[in-house]
There are 2 protein chains.
Amino acid sequence: MQIDDMIEMINEQWTDIYYLLHYTNKDNLTHQAIRLLQYIEKNGEATIGDLAEHLAVSHNTASEHTKRLIKKGLVSKKRGSLDERKVFVVLTEEGRHILYRHTRLDKEKLKKVLVQMDPCDAELIRKAFAILSEGAKKCLR
Amino acid sequence: MQIDDMIEMINEQWTDIYYLLHYTNKDNLTHQAIRLLQYIEKNGEATIGDLAEHLAVSHNTASEHTKRLIKKGLVSKKRGSLDERKVFVVLTEEGRHILYRHTRLDKEKLKKVLVQMDPCDAELIRKAFAILSEGAKKCLR
DNA sequence: TAAATATATCTTAATATACGATATAATCTT
DNA sequence: AAGATTATATCGTATATTAAGATATATTTA
């Protein structure tokens, strides 16, 4: 199989999997909120400047987004100890929970699929995800 | 490994993979537009009523969304032959292309990852995606 | 001490999203 | 054939989201 054909198939399957297995009753969370929360999750914490840069918006906008998420209880902030000008934005547990509902596969759905398959297939999937995410991190991070 | 732990790991890896490998310079496409285009892609075509139901909005809203996407050239419509009241909305090639940029992994990034890994690892990934998407279809469709 | 940095707030404007009211055309029911 | 139902389209209205310039405050650096 040609690599490009394989990539095309993987991509189609990727979207099929998400389409079928994602959470469907989600709290309303805006697109930029999701992006912001996810950046924080993947990086552990973020300054307003980080967020502005990552979202490709002005610092004012990033600050406003953050303010709204703080109000909703999805993030909190702590002032930097080395440089008190800096504010580090971190996820609350509620924020993490809400983020997962917007970005992850539905646990119950995924479980249903995995328990109904041959255990060595499930193991293959486990391994494949580990390899692919590791590969992605090595190559692109 | 406990199934729930495995699911947690898969989910974390799932989001890591997407975070690292998705297209990053995307044309501006609204959240509802993406959802609408994707519904059409996964189903081949859709009526306004289908779209309204899937998006959980009124038919007026679905019709307006569709109108805007038609204007952008991302979808087109054809009147049903059995029932001419019905309009079937289908993706244009441009629509498909734009949708893929918002929902799929970046081909070049994915390729970079796959060619740098052991070929049997790549084969494992190919197989795993096929199995998982097939499993999802069987269980949840 | 002045300049630079980091963030916060306010104001303004554009865009996204939604739905009720209304209208038209097609199909179904009586 | 007429009336009712179905499917969609358009218009008007409203709210939420998004964005950035102007301005302000606090902290750090030169």
Side-chain angles (χ1 to χ4, degrees), chain A residues 24-40 43-91 95 98-99 102, chain B residues 24-40 43 45-91 95 98-99 102-103:
Chain A
T24 49
N25 286 316
K26 304 170 191 175
D27 305 310
N28 278 341
L29 196 51
T30 70
H31 181 52
Q32 291 293 60
I34 293 167
R35 289 181 72 210
L36 191 146
L37 291 174
Q38 185 155 51
Y39 181 82
I40 297 168
N43 292 278
E45 63 185 11
T47 64
I48 301 293
D50 292 334
L51 295 172
E53 186 177 332
H54 178 69
L55 293 181
V57 296
S58 66
H59 76 266
N60 338 359
T61 302
S63 184
E64 296 275 359
H65 278 302
T66 303
K67 182 164 71 172
R68 284 193 289 266
L69 289 175
I70 286 167
K71 186 162 190 170
K72 287 185 177 184
L74 304 189
V75 302
S76 63
K77 44 185 196 180
K78 47 182 185 178
R79 204 153 275 279
S81 36
L82 291 191
D83 181 347
E84 290 192 10
R85 294 173 300 186
K86 293 197 176 189
V87 165
F88 289 95
V89 188
V90 297
L91 286 186
I98 299 293
L99 176 63
H102 282 82
Chain B
T24 48
N25 286 316
K26 304 170 190 175
D27 305 311
N28 277 342
L29 195 51
T30 70
H31 181 53
Q32 292 292 63
I34 293 167
R35 290 181 70 212
L36 190 147
L37 290 173
Q38 185 153 52
Y39 181 81
I40 297 168
N43 292 279
E45 64 184 10
T47 64
I48 302 292
D50 292 333
L51 295 171
E53 187 177 330
H54 179 69
L55 294 181
V57 297
S58 65
H59 76 265
N60 338 0
T61 302
S63 184
E64 297 273 358
H65 278 301
T66 303
K67 182 166 70 174
R68 283 191 290 264
L69 290 175
I70 286 167
K71 186 160 193 173
K72 287 185 178 186
L74 304 189
V75 301
S76 62
K77 40 185 203 183
K78 47 183 185 179
R79 205 153 273 281
S81 33
L82 292 190
D83 180 346
E84 290 192 11
R85 293 173 303 184
K86 292 195 177 193
V87 165
F88 289 95
V89 188
V90 297
L91 286 187
I98 300 293
L99 176 65
H102 282 83
T103 57

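As the structure is a computational prediction, the values presented were derived from the model and not from experiment. Sequence lines set the chain letters: A, B, ... in the order given, protein chains first and strands last, and positions in each chain run from 1.
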Could you check how far CG of A:Leu69 sits from P of C:dA8, rounded to whole Å?
-> 13 Å
Check if the side chain of A:Arg85 and the base of C:dT5 share a donor-acceptor pair of N or O atoms closer than 3.5 Å.
-> yes
Which of residues 48-65 of chain A sit near DNA chain C, with a heavy atom under 4.0 Å from it?
-> A:Ile48, A:Gly49, A:His59, A:Asn60, A:Ser63, A:Glu64
Rounded distance in Å - NZ (A:Lys77) to C1' (C:dT7) | 7 Å
B:Thr103 side chain vs B:Leu99 backbone, donor-acceptor pair below 3.5 Å | yes
Between P of C:dA16 and CG of B:Leu36, the distance in whole Å = 14 Å
Degree of bending in the helix from C:dT1-D:dA30 to C:dT30-D:dA1 once both end axes are built from five pairs, to 10° = 20°
Classify the nucleic acid contact of A:Thr47 as base, sugar-phosphate or nothing, counting any heavy atom under 4.0 Å across all strands shown.
-> sugar-phosphate
If you take all heavy atoms of B:Thr66 and B:Val75, which pair is closest and at what distance?
-> O-CG2, 4.1 Å
Locate the shortest heavy-atom distance separating B:Leu69 from B:Ala33; write the atom from each residue and the value.
-> CD2-CB, 3.9 Å
Scanning both residues in full, the closest heavy-atom pair of B:Lys72 with B:Asn28 reads NZ-O, 4.0 Å
Between C:dT5 (P) and A:Leu82 (CG): distance, integer Å | 18 Å
Closer to the 5' end of DNA chain D via nearest nucleotide, is it B:Lys67 or A:His31?
-> B:Lys67
Would you kindly give the CD-to-C1' distance between A:Glu84 and D:dT25, to the nearest whole Å?
-> 14 Å
What are the two closest non-hydrogen atoms of A:Ile40 and A:Ala46, and how far apart are they?
-> CG1-CB, 4.1 Å
Rounded to the Å, how far apart are A:Lys71 NZ and C:dT9 C1'?
-> 13 Å
Of B:Phe88 and A:Asp83, whose nearest nucleotide on DNA chain D comes first from the 5' end?
-> B:Phe88
With distance as the sole criterion, is a donor-acceptor pair present between the side chains of B:Gln32 and B:Arg35 under 3.5 Å?
-> yes
Give a yes/no on whether any side-chain N or O of B:Thr30 is located under 4.0 angstrom from OP1 or OP2 of C:dT17.
-> yes
Measuring from A:His59:NE2 to A:Glu64:CD, what's the distance to the nearest 0.5 Å?
-> 10.0 Å
Is there a donor-acceptor pair under 3.5 Å between the side chain of B:His102 and the backbone N or O of B:Asp27?
-> yes
For B:Arg68, which contact category applies under a 4.0 Å heavy-atom criterion: base, sugar-phosphate, or nothing?
-> base
Compute whether any side-chain donor of one residue and acceptor of the other, for A:Asp50 and A:Thr47, lie under 3.5 angstrom apart.
-> yes
What's the CD1-C1' distance between B:Ile70 and D:dT8, to the nearest Å?
-> 11 Å
Interatomic distance, B:Gln32 CD vs D:dT17 C1' [rounded to whole Å] | 13 Å
